[in-house]
Novice: 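I am attaching a structure below and will ask some questions about it afterwards.
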Amino acid sequence: MKHAGLLLHTMFLFAACSQNSSTFIIQNKGSDTLVNLAQAWAEEYKNVNQDVALAVSGGGSGTGIAALINGTVDIANSSRAIKQEEREQAKKNTGKDVNEFIVGMDALAVFVHPKNPLEGMTLEEAACIYGEGGTCTHWHHVRNTVVPGCKDNRIIRVSRQSNSGTYQYFREAILGKKRDLKLGSMDLSGSRESIDLVEHTPCAIGYSGMGYLNPRIKALCIQKEGNSPCIAPTVDTAIDKSYPISRELYMYTSGSPSDAVKAYLDWTQSDVGHAITIKAGYVPARKR
Amino acid sequence: MEAKIATEINSAPLEWRQRKSKKPLSEKIIEGLIKGGGFSSIVFILAILFFILKEAYPFLVGAFDFKEFFFSTEWNPASVVKIKYGTFAILVGTLMVTVLSMLIAVPLGLACAFYISEFCSPRLRETYKILIEFLAAIPSVVWGFVAIMMINPLIINLFDVPIGLNILNASIILALMSLPLIVSVGEDALRAVPESYREAAEAMGATKWEVATRVLLPAAKNGLMAAALLGVGRALGETMAVLMATGHAIQIPDSIFEPGRTLTATIAAELGESPKGGEHYQALFAIGLMLFIISFIVNVSADYLIRGRRK
């Protein structure tokens, strides 16, 4: 109701300004991981289609999906797949099926100092290093690694501040939903800082979105289990899901999208949209 | 007393007497403005205190657990197992960084103040003062990058330790940041010692060193202590640089080569992304209240010392 009022108001405003085109507002809400990308797209889309404006807000994937169920948004952003019961609820409430669009990918790279001879590790070894109660405190606990230039061979854990989306996704990916990361890690407040610190610290290990990687640090390949192949984080392995710490980023609509929404979603998957995706540090949903 | 003033007024020229009896409007306005300016700082402090209290209040009466808040070393607001708000490790980190940085900055700063005020030539003095004040103009985030990119590898190589972002690193950065304040306040205190003291001591045959240590040091003692305490306040309140230089790890550092965490850095890192009005947000304001009280104590003692000097 409030939105409708706002819409009407905006339309009157535009009419008053003798701009005869009526502006269509797409309500877009949800995931905090996606919100930067969604905003970057919305910003650029202004120049593509002036008749459509996007109102982007965050609040978390759950908030977005709840709004979708209540029918108050046109597009819900989510960094996790919608659950079956949420689909059913939405169907019951709005009478329409939920449509899913994969708009991008997010892969987390685990990296070490280039002097570190380690090339890869399993998820279990990552949990042994980072997880609460994990016993891997020194590099020789992980595949008998000896890191030159690292005093006592001690592992220096570089992590992120606890309310970062990257932190929470990393925790869930290596520890599941019921275990904490061990306290005492260096909780830096940006991916940039994590990279800088690992680059200058032989003992360190860190993680960040793969968009931040550079040749001065060494990204590890990750094995899902002890006998599975070791996969390096690249755009390709993130897309085909063979890299174990990657996830899709979704946008959901209620029923099939209206023409304006459809045009927008298609545009995000165009070459221009993908360029923005890469610039924002994410992985495009399909190969260019 | 009043009678004396009255005679003086009466003996003043007629024009002055008229001015005294009837204040022009402009003077009233200016007086009001100055008075308002004076009161505004009190109002601001009270408003800040009120705001912090208001935001922290629901936590203080709700999830606040005295024993956990002050004596637990676990600060884990995003835990999936059990959320904990223990500030003990962070408080210890704050104290360690502040104390160590002052151990570096106070002797260095006061020695520098003595040199500038007493030993160097007037031309050199101006150059030094400009250079030292320039230290104060470097933004703290730049200091943070200096800590990560330069001092971190330096400490690793020099002391052969696993990590260079630690209490020592943060203390060095903080010492450098509070130096300008300590030097200029210290130098002012030394300048305030009357020239006749120096002349008298020199007339008695004292060397320059003896004048400095036996005459100036005791005479300017309070002012120098105030300089040191202002430095403490500066070190305690610094945010961005220590966030980057301490390593921001929740643990009680068992040596100066271990990473730690400070109160200010915790607020800076977490407030931006914690939902407004949530428990975590309120707990951060409780930390803010704690900091407010600590810096209040530091400032009041600094003020007390300065007033002691003027008496």
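Each chain gets a letter, A, B and so on, in the order the sequences are listed, and its residues count up from 1.
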Novice: Set out, in order, the CA-CA distance, both residues' side-chain angles and the distance that settles salt bridge (Lys or Arg N to Asp or Glu O under 4.0 Å) for B/Lys82 and A/Glu132, then state yes or no.
Specialist: CA-CA 12 Å; B/Lys82 186 171 188 323; A/Glu132 178 65 55; over 6 Å; no

Novice: Look at B/Val161, B/Ile148, B/Asp160 and state which one has the largest set of heavy-atom pairs under 4.5 Å with chain A.
Specialist: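 Of the candidates given, the most pairs with chain A belong to B/Asp160.
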
Novice: Taking side chain as C-beta onward, heavy atoms only, is B/Gln251 less than 4.5 Å from A/Leu183?
Specialist: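 Contact flag for B/Gln251/A/Leu183 side chains = no.
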
Novice: Between A/Cys203, A/Gly184, A/Cys150, which residue shows the highest count of heavy-atom pairs closer than 4.5 Å to chain B?
Specialist: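 Highest number of pairs under 4.5 Å: A/Gly184.
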
Novice: Given heavy-atom pairs under 4.5 angstrom as the criterion, report whether the side chain, backbone, both or neither of B/Glu258 touches chain A.
Specialist: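 The answer is the side chain of B/Glu258.
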
Novice: Non-hydrogen atoms of chain A under 4.5 Å away: do they reach the side chain of B/Ile156, the backbone, both or neither?
Specialist: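 It is the side chain, since no backbone atom gets that close.
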
Novice: Count the heavy atoms belonging to other residues, nucleotides or ligands that lie under 6.0 Å from NZ of A/Lys224, then report whether that count exceeds 12.
Specialist: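 Not buried by this count: 12 neighbours or fewer within 6.0 Å.
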
Novice: Between A/Arg171 and chain B, which part of the residue has a heavy atom less than 4.5 Å away: side chain, backbone, both or neither?
Specialist: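 Contact with chain B involves the side chain of A/Arg171 alone.
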
Novice: Counting only heavy atoms from other residues, nucleotides and ligands, does the tally under 6.0 Å from CZ of B/Phe70 exceed 12?
Specialist: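 Counting neighbours around CZ of B/Phe70, more than 12 heavy atoms of other residues, nucleotides or ligands fall under 6.0 Å, so yes.
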
Novice: Enter the distance from B/Met149:CE to A/Glu199:CD here, rounded to the nearest 0.5 Å.
Specialist: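 The CE atom of B/Met149 sits 6.5 Å away from the CD atom of A/Glu199.
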
Novice: Can you tell if the side chain of B/Ile163 reaches within under 4.5 Å of the side chain of A/Met186, non-hydrogen atoms only?
Specialist: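 Sidechains of A/Met186 and B/Ile163: in contact.
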
Novice: Measuring from atom NZ of B/Lys84 to atom CG of A/Asp180, what distance do you get when rounded to the nearest 0.5 angstrom?
Specialist: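 So the NZ of B/Lys84 and the CG of A/Asp180 are separated by 10.5 Å.
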
Novice: Counting only heavy atoms closer than 4.5 Å, note whether A/Ser185 contacts chain B via side chain, backbone, both or neither.
Specialist: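 A/Ser185 touches chain B through backbone heavy atoms alone.
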
Novice: Is the number of heavy atoms from other residues, nucleotides or ligands under 6.0 Å of B/Tyr57 OH greater than 12?
Specialist: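 Check fails, neighbour count at 12 or below.
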
Novice: Quick one: list whatever passes salt bridge (charged side-chain N to carboxylate O under 4.0 Å, His left out) with A/Glu86, sequence neighbours left out.
Specialist: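 Once residues adjacent in sequence are excluded, the partners of A/Glu86 under the salt bridge (charged side-chain N to carboxylate O under 4.0 Å, His left out) criterion are A/Arg80.
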
Novice: List the atom of B/Pro162, the atom of A/Arg154, and the distance in Å for their closest heavy-atom pair.
Specialist: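 For B/Pro162 and A/Arg154, the tightest heavy-atom pair comes out as CG-NH1, 4.1 Å.
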
Novice: Given heavy-atom pairs under 4.5 angstrom as the criterion, report whether the side chain, backbone, both or neither of B/Val81 touches chain A.
Specialist: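 Looking at B/Val81, backbone and side chain both touch chain A.
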
Novice: Given that the side chain runs from C-beta out, which part of A/Ile156 has a heavy atom under 4.5 Å from chain B: side chain, backbone, both or neither?
Specialist: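 Contact with chain B: side chain only.
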
Novice: Heavy-atom distances under 4.5 Å only: say whether B/Asn152 touches chain A with side chain, backbone, both or neither.
Specialist: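 Just the side chain, heavy atoms under 4.5 Å.
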
Novice: Using a 6.0 Å cut-off, check whether atom CZ of B/Phe159 has over 12 heavy atoms from anything other than its own residue.
Specialist: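 It does: B/Phe159 CZ has more than 12 such atoms within range.
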
Novice: For chain A, find which of B/Thr266, B/Thr246, B/Leu165, B/Leu243 contributes the most heavy-atom pairs closer than 4.5 angstrom.
Specialist: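 Among B/Thr266, B/Thr246, B/Leu165, B/Leu243, the one with the most close pairs to chain A is B/Leu165.
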
